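When a ligand or atom number is given, it counts from 1 through the structure's own listing order. No experiment lies behind these values; they were computed from the predicted model shown.
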Amino acid sequence: MAVLPIRIMGDPVLHAPAHPVAEITDEIRELVADMFETMDAAPGVGLAAPQVGVALRIYTYTYPDDDGTPWRGVIINPELWMVPLDPGAPDPDDESEGCLSFPGECFALRRSDRVIVTGTDLDGEPVRIEVDGWRARIMQHEFDHLDGILYVDRLDDSDWKTVQKIARKRGWGRPGAAWTPGIDHLDA
Ligand code: ZN
């Protein structure tokens, strides 16, 4: 197993739709093991395969349950359904999210409060996840990655200008930008 470099905004693999997984091979199982290790090392609550440079429809997720037990797993070839967004502006205290591919920053974004995700697990068995709140947010964020969408792409004009300013300052927004958890230390 290995901690993989995480691509940063601007790398083309993050901005194009990923391909369905045709077959779960040993290579896929190894990729998923590395994704769990990378997600935990970052640390992050989710990681999509394009973030480690692999254009396949796979993501991992983890989030502590109310009693502290981690809720975690992997979804292959997911489909996602969501309830409509509540109208209005997002609350920066309760609705801010971040992304390992735009590290060290967070911005408020309105997300659907409830989703259903279907797909398969690493054994090819069908999976169905129905979640709300933060878990629903994680599912939407990671699913977006598989369609080449970063959460910063969904921000309003004023936040988007801030995003571009930060990217310019840090030399992001170009092919090949990446960081490796445990090796590169990014200032928040
Ligand atoms: Zn992300």
Side-chain angles (χ1 to χ4, degrees), residues 3-19 21 31-32 34-64 70-80 82 85 90 92 94-113 115 117 119 129 131 133-156 159-160 162-164 166-167 170-182 184-188:
V3 172
L4 304 171
I6 298 174
R7 308 294 173 97
I8 291 174
M9 184 187 109
D11 198 88
V13 70
L14 293 173
H15 302 285
H19 307 289
V21 175
L31 168 68
V32 169
D34 289 346
M35 285 172 63
F36 274 113
E37 193 174 342
T38 305
M39 175 177 72
D40 290 341
V45 292
L47 187 71
Q51 292 183 275
V52 292
V54 179
L56 288 174
R57 302 187 75 83
I58 303 172
Y59 67 77
T60 58
Y61 59 90
T62 185
Y63 195 71
W71 171 77
R72 54 197 277 128
V74 57
I75 293 270
I76 294 170
N77 297 336
E79 291 190 60
L80 178 140
M82 58 175 116
L85 300 188
D94 292 331
E95 300 180 71
S96 284
E97 67 185 68
C99 179
L100 298 175
S101 293
F102 199 78
E105 304 293 334
C106 59
F107 291 92
L109 179 66
R110 180 63 38 107
R111 292 282 195 185
S112 172
D113 193 48
V115 300
V117 179
I129 297 170
V131 282
W134 267 98
R135 291 172 182 76
R137 180 177 292 273
I138 294 167
M139 294 289 122
Q140 290 165 80
H141 179 115
E142 300 310 325
F143 187 84
D144 268 355
H145 275 300
L146 306 184
D147 286 339
I149 299 166
L150 298 185
Y151 88 103
V152 292
D153 297 330
R154 294 191 178 277
L155 300 175
D156 64 24
D159 281 346
W160 175 244
T162 310
V163 163
Q164 287 180 307
I166 293 166
R170 302 202 178 163
W172 297 345
R174 59 179 170 79
W179 70 286
T180 305
D184 300 311
H185 296 278
L186 296 158
D187 299 327

Sole candidate of E97, E95, Q140 that passes side-chain hydrogen bond (donor to acceptor under 3.5 Å, both in side chains) when paired with R111: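 Exactly one candidate clears the test, E97.
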Look at the aromatic rings of W172 and F102 and report parallel, tilted or perpendicular, splitting at 30° and 60°.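 Ring orientation of W172 relative to F102: perpendicular.
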Under 2.8 Å from the Zn ion (ligand 1), which protein N, O or S atoms do you find? Ignore water molecules.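 As for protein N, O or S atoms lying under 2.8 Å from the Zn ion (ligand 1), they are C99 SG, H141 NE2, H145 NE2.
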Non-hydrogen side-chain atoms of V131 and Y63 separated by less than 4.5 Å: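 Answer no - side chains too far apart.
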Spacing of R135 atom CZ and I129 atom CD1 [to the nearest 0.5 Å]: 11.0 Å
Nearest-0.5 Å distance, NE2 of residue H15 to CZ of residue R7: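 Rounded to the nearest 0.5 Å, the NE2-CZ separation comes to 11.5 Å.
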By the definition side-chain contact (heavy atoms from CB on, under 4.5 Å), identify the one residue from L4, V3, T60, V32 that meets it with E37.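 Result: among L4, V3, T60, V32, V3 is the only option passing the side-chain contact (heavy atoms from CB on, under 4.5 Å) with E37.
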